[in-house]
Q: 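The structure follows.
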Number of protein chains: 2
Amino acid sequence: MTKLRAYDCAVGCPVEATLDLIDGKWKGVILYHLREGTLRFNELGRRLTGITQRMLTKQLRELEEAGLVERVVYAQVPPKVEYSLSAEGRSLEPVIAALAAWGEARIARMAKAA
Amino acid sequence: MTKLRAYDCAVGCPVEATLDLIDGKWKGVILYHLREGTLRFNELGRRLTGITQRMLTKQLRELEEAGLVERVVYAQVPPKVEYSLSAEGRSLEPVIAALAAWGEARIARMAKAA
DNA sequence: CAGTATCCACCTAGATACTG
DNA sequence: CAGTATCTAGGTGGATACTG
């Protein structure tokens, strides 16, 4: 037993709750791109450098399950599937914007340091 | 080759840049707790339900290397080590606050839905 | 008190190939 | 077009024991 004592999880957990949803290299960026509007599966893929179809599918399913993204399938051939932010997802926009703004400032600082 | 084409990484990457730094279940929460002031190693540990010493050490080292957290060692027995936000870390406060605020609202919504 | 040192199970995510 | 199916290397993080 080296596990540290636990006595106040509630404090700070909201941060974790949010991060859990937008975690993992892709979700935040997906949300970022969907802010601008609806995108089809491959349109989104093209905006996410290096992601595989498998990963994109997985991340979108998780975002959908979290209620942040909506998926609309058009019954046609060739298939057409559109992804967009749900109301809950749009409520995250200020958070995504904060992440983006800070990231930009940080990148600028790093560039200047070099 | 199923990897999707890449042609505009720069867009949205700031989000990823930020998330990379506060990623992984603990860092965001650590930053959250350090907002309130300097904390010693075990004080911090007690606030992070279920974290092991190994993990806490690792996360703190990474935050330190990212320049977000400062570590001050007092040459005494028993040891005393204090952690606090650096200036760069403090610049993240609005972001952490946004994450926390949204998380709280989300948790409240979920509670009401049940 | 504030860590190190090991060991290990699991998961993540990439590569690749195939399909309705 | 929008996925699914497999396989797998590597990393993440947990458990546990030990220490200056």
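Every chain is numbered from 1, with letters handed out A, B, ... down the list of sequences.
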Q: Provide, to the nearest angstrom, the distance between the CG atom belonging to A:Asp23 and the P atom belonging to C:dC11.
A: 16 Å
Q: Starting at CD of B:Glu16 and ending at C1' of C:dA13, how long is that distance when rounded to a whole Å?
A: 13 Å
Q: Give the residues of residues 64-81 of chain B touching DNA chain C, defined as any heavy atom closer than 4.0 Å, sorted by residue number.
A: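 Here the set is B:Arg71, B:Pro78, B:Pro79, B:Lys80, B:Val81.
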Q: What I want to find out is whether B:Glu62 reaches B:Lys27 closely enough, with some N-O distance under 4.0 Å, to be called a salt bridge.
A: yes
Q: Checking A:Leu60 against A:Leu56 for the side chain to side chain contact (heavy atoms under 4.5 Å, CB included) test, could you report, in this order, the C-alpha distance in whole Å, the side-chain angles of both residues, the deciding distance, and whether it holds?
A: CA-CA 6 Å; A:Leu60 284 169; A:Leu56 182 53; 3.8 Å; yes
Q: Using the side-chain heavy atoms of A:Gln59, tell me which of these nucleotides is nearest: C:dA13, C:dT4, D:dA2.
A: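 Ranking C:dA13, C:dT4, D:dA2 by closest atom to the A:Gln59 side chain puts C:dA13 first.
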Q: Under the side-chain hydrogen bond (donor to acceptor under 3.5 Å, both in side chains) definition, can you give me all pairs with a residue in residues 90-99 of chain B, not counting sequence neighbours?
A: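 Every pair satisfying side-chain hydrogen bond (donor to acceptor under 3.5 Å, both in side chains) with a residue in residues 90-99 of chain B: A:Trp102-B:Ser91.
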Q: Looking at side-chain heavy atoms only, is the closest gap between B:Val72 and B:Tyr83 below 4.5 Å?
A: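 No, too far: nothing below the 4.5 Å cut-off.
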Q: Could you work out, with salt bridge (charged side-chain N to carboxylate O under 4.0 Å, His left out) as the rule, every residue matching A:Glu43, not counting sequence neighbours?
A: none
Q: Please list every donor-acceptor pair under 3.5 Å in which a side-chain atom of residues 103-114 of chain A meets a protein atom from a residue at least two apart or in another chain.
A:
unit_1, atom_1, unit_2, atom_2, d
A:Arg106, NH1, B:Ala66, O, 3.1
A:Arg106, NH1, B:Glu88, OE2, 2.8
A:Arg106, NH2, B:Ala66, O, 2.9
A:Arg109, NE, B:Glu88, OE1, 2.9
A:Arg109, NE, B:Glu88, OE2, 3.2
A:Arg109, NH2, B:Glu88, OE2, 2.8

Q: Counting distance only, does the side-chain N/O of A:Ser86 pair as donor-acceptor with the main-chain N or O of A:Glu70 below 3.5 Å?
A: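 Checked: no pair found.
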Q: To the side chain of B:Lys25, which of D:dA2, C:dG3, D:dG14 is closest?
A: D:dG14
Q: Within this structure, what is the CZ-to-C1' distance between A:Phe41 and C:dG20, rounded to whole angstrom?
A: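 For the pair A:Phe41 CZ and C:dG20 C1', the rounded distance is 15 Å.
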Q: What is the distance, rounded to the nearest whole Å, between atom CG of A:Leu48 and atom C1' of C:dA13?
A: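 That distance rounds to 14 Å.
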Q: Given B:Leu19 and A:Asp23, is the side chain to side chain contact (heavy atoms under 4.5 Å, CB included) satisfied, shown in steps?
A: CA-CA 7 Å; B:Leu19 282 176; A:Asp23 209 347; over 6 Å; no
Q: Within this structure, what is the CD1-to-C1' distance between A:Ile51 and D:dA2, rounded to whole angstrom?
A: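 After rounding, the gap between these two atoms is 14 Å.
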Q: Taking it one step at a time, do B:Glu82 and B:Leu39 satisfy side chain to side chain contact (heavy atoms under 4.5 Å, CB included)?
A: CA-CA 6 Å; B:Glu82 288 187 338; B:Leu39 287 173; over 6 Å; no
Q: Within the distance-only criterion (no hydrogens, no angle test), does the side chain of B:Arg35 pair as donor or acceptor with the backbone N or O of B:Tyr32 below 3.5 angstrom?
A: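 Yes: the side chain of B:Arg35 pairs with the backbone of B:Tyr32.
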Q: What would the secondary structure line of DNA chain D be in dot-bracket form, counting Watson-Crick and G-U wobble pairs under 3.5 Å, with [ ] for pairs that cross earlier ones and | for pairs with another strand?
A: ||||||||||||||||||||
Q: Between A:Leu56 (CG) and C:dA15 (P), how many Å, whole number?
A: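 Distance, rounded to whole Å: 15 Å.
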Q: Counting side-chain heavy atoms from C-beta on, which of C:dA17, D:dC1, C:dT4 comes nearest to B:Gln53?
A: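 Given the options C:dA17, D:dC1, C:dT4, the side chain of B:Gln53 is closest to C:dT4.
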Q: Check whether any side-chain nitrogen or oxygen of A:Arg46 sits under 4.0 Å from OP1 or OP2 of D:dA2, and answer yes or no.
A: no
Q: D:dC1 phosphate, OP1 or OP2: any side-chain N/O from A:Tyr83 under 4.0 angstrom?
A: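 Checking A:Tyr83 against D:dC1: no side-chain N or O falls below 4.0 Å of OP1 or OP2.
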Q: Between protein and nucleotides 5-12 of chain D, what N or O pairs are separated by less than 3.5 Å?
A:
none

Q: Would you mind reading off the distance between A:Asn42 atom CG and D:dC1 atom C1', rounded to a whole angstrom?
A: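 Computing the A:Asn42:CG to D:dC1:C1' distance gives 6 Å.
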Q: Donor-acceptor pair, distance only, cut-off 3.5 Å: does the side chain of A:Ser84 make one with the backbone of A:Thr38?
A: no
Q: May I have the distance from B:Glu43 (atom CD) to C:dC1 (atom P), rounded to whole angstrom?
A: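 B:Glu43 atom CD is separated from C:dC1 atom P by 10 Å.
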Q: Can a salt bridge be assigned to the pair B:Arg61 and B:Glu65 using a cut-off of 4.0 Å between side-chain N and carboxylate O?
A: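 No, this pair does not count.
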